[in-house]
Engineer: 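To start, I am sharing the structure in question, which I have written as structure tokens.
Chain letters run A, B, ... following the sequence lines, proteins first, then strands; residues in each count from 1. Only heavy atoms go into these numbers, but all of them, side chains included; no hydrogens, no water, no symmetry mates.
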2 protein chains.
Amino acid sequence: MGQTDLEAVVRANHELFMRTGDRAADVVARHRLTLATAQALWAIDPEEAPPSMTVMTERLHCNAPNLSFVTKQLVERGLVERATDPHDRRSRVVVLTDEGRRVRAEIIAETLERTPFAALDGAELRELARLLAKVLAPAGGGA
Amino acid sequence: MGQTDLEAVVRANHELFMRTGDRAADVVARHRLTLATAQALWAIDPEEAPPSMTVMTERLHCNAPNLSFVTKQLVERGLVERATDPHDRRSRVVVLTDEGRRVRAEIIAETLERTPFAALDGAELRELARLLAKVLAPAGGGA
DNA sequence: CCGATTGCTTCGAGACTCGAAGCATTTCCG
DNA sequence: CGGAAATGCTTCGAGTCTCGAAGCAATCGG
């Protein structure tokens, strides 16, 4: 009867995603952003190379026109800038501005303070992170 | 540094919700539904008393006008019917039709087949379900 | 060199979400 | 009882999000 556990997990995953979003709603609104634009901002890690639009569509599970739309709003808000990838002039990379870096850090910090997941203790979080990582990469290097 | 685990958990939760949705997309499309209407259908447990609109808004984390809109589509699709709660004639309950019950079961079954969570074995799923349940109900009867 | 492909944008349409306003019913309180 | 207030839901209008189709610039393949 693993079916019952599986359904419970999928439902809990959905519910917790919604609850985290609900609690983050006023945080992102305070920065004049929406959930969609905040997720895009979150997806740009300032410690890695600026991602191309294609990479961003994969991270956000959306298509190119959608990302173009969302990116435009971040540009207008002064949080990111578009730049042409010198290695392939067709490709545009999304670069965080100083304010973008600051706003991103604030949104992430406040979201993590409010998410229901924060109720778990360190050991539980580590175990949960381990299990979720396994789901994300099930092969584990196997055949 | 539990912060790292917490962020990883929130990101993984988001990512897995999106992946589950992506893999369910063609399943719900096959039934002429969208993700929003399918979630509403999922939220109606045929083994419990038919939920009122208010209960449904809580389950779906949406407001009344939105639910009214989604419910209308399920009614037009012949999957649910509206009924007046005899105990409070202001309240409308959402009742699954026979086809609604059948389509709901199919969508859930096929979604659970395809979700990445299905890669876990029984013990892992049970542990994951336990942790997520704890996040959903953190108090545990405490003060 | 030129057709095919890739990466992105714009455009137009459809779906989703929400606040405001309105209606029916119930509850509250004198 | 009677009427004001509250509750549950719907409709309406506007705004946001999402996507397919079409188009442009740059690169790749022969």
Engineer: Rounded off to whole Å, could you give me the NZ-to-P distance for the K72(B) and dT10(D) pair?
Structural biologist: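 K72(B) atom NZ is separated from dT10(D) atom P by 11 Å.
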Engineer: Evaluate the criterion salt bridge (charged side-chain N to carboxylate O under 4.0 Å, His left out) for residue pair E106(B) and R30(B); output intermediate values, then yes/no.
Structural biologist: CA-CA 11 Å; E106(B) 272 186 45; R30(B) 197 178 309 140; over 6 Å; no
Engineer: Taking only side-chain N and O atoms of N63(A), does any of them lie within less than 4.0 angstrom of OP1 or OP2 on dC19(D)?
Structural biologist: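 Answer is yes, contact under 4.0 Å.
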Engineer: In whole angstroms, how far is the C1' atom of dC9(D) from the CG atom of D85(B)?
Structural biologist: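 Going from D85(B) (CG) to dC9(D) (C1'), I get 13 Å.
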Engineer: Determine: side-chain N/O of T54(A) to OP1/OP2 of dT6(C), distance under 4.0 Å, yes or no.
Structural biologist: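 For dT6(C), OP1/OP2 do not have a side-chain N/O of T54(A) under 4.0 Å.
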Engineer: What nucleotide, of dT25(C), dC9(D), dT18(D), holds the atom closest to the side chain of D88(B)?
Structural biologist: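 In terms of side-chain proximity for D88(B), the closest of dT25(C), dC9(D), dT18(D) is dT25(C).
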Engineer: Output the single nucleotide from dA20(C), dC19(D), dC8(C) whose closest atom is nearest the side chain of P65(A).
Structural biologist: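 Of all the options, the side chain of P65(A) is nearest to dC19(D).
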Engineer: Once you round it to whole Å, what is the distance between P of dC8(C) and CD of E81(A)?
Structural biologist: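 Taking atom P of dC8(C) as the reference, CD of E81(A) is at 17 Å.
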Engineer: Is it the case that T34(B) and T37(B) place a side-chain donor and acceptor less than 3.5 Å from each other?
Structural biologist: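 Per modelled atom types, T34(B) and T37(B) side chains form a pair under 3.5 Å.
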Engineer: For L74(A) and dC17(D), what is the distance between atoms CG and P respectively, to the nearest whole Å?
Structural biologist: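 Nearest whole value for this atom pair: 10 Å.
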Engineer: Among the nucleotides dT10(D), dT9(C), dT18(D), which one has an atom lying closest to any side-chain atom of A64(A)?
Structural biologist: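 Between dT10(D), dT9(C), dT18(D), the one nearest the side chain of A64(A) would be dT9(C).
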Engineer: Check the distance between dC16(C)'s P and L35(B)'s CG and give it to me in whole angstrom.
Structural biologist: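 These atoms are roughly 9 Å apart.
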Engineer: How do Q73(A) and R92(A) order along DNA chain D: which one's closest nucleotide is nearer the 5' end?
Structural biologist: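 Taking each residue's closest nucleotide, the earlier one in sequence belongs to Q73(A).
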Engineer: Looking at E7(B) and R11(B), does any basic side-chain N land under 4.0 Å from a carboxylate oxygen?
Structural biologist: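 Salt bridge: yes.
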Engineer: Tell me: CD of E58(A) to P of dT6(C), nearest whole Å?
Structural biologist: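 Value for this atom pair: 14 Å.
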Engineer: Go nucleotide by nucleotide along DNA chain C from the 5' end; which of R90(A) and M53(A) gets its closest nucleotide reached first?
Structural biologist: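 Taking each residue's closest nucleotide, the earlier one in sequence belongs to R90(A).
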Engineer: Starting from P on dT16(D), measure out to CZ on R32(A) and report it in whole angstrom.
Structural biologist: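 About 14 Å, once rounded to whole Å.
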Engineer: Please tell me which of R89(A) and T34(A) maps to the more 5' nucleotide of DNA chain D, matching each residue to the nucleotide holding its nearest heavy atom.
Structural biologist: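 Residue closer to the 5' terminus by nearest nucleotide: T34(A).
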Engineer: Indicate, with yes or no, if M53(B) and L60(B) share a hydrophobic cluster defined by side-chain heavy-atom contacts under 4.5 Å among Ile, Leu, Val, Met, Phe, Trp and Tyr.
Structural biologist: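 Yes; M53(B) is reachable from L60(B) via cluster members.
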Engineer: Does a nitrogen or oxygen in the side chain of S52(A) sit under 4.0 Å from OP1 or OP2 of dG7(C)?
Structural biologist: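 Looking at the OP1 and OP2 atoms of dG7(C), neither is under 4.0 Å from any side-chain N or O of S52(A).
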Engineer: Nearest-Å distance, CG (N66(B)) to P (dG15(D))?
Structural biologist: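 Atom-to-atom, N66(B) to dG15(D), this comes out as 18 Å.
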Engineer: Taking E99(B) first and then R32(B), would you say they form a salt bridge - that is, a charged N and a carboxylate O separated by under 4.0 Å?
Structural biologist: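 Salt bridge: no.
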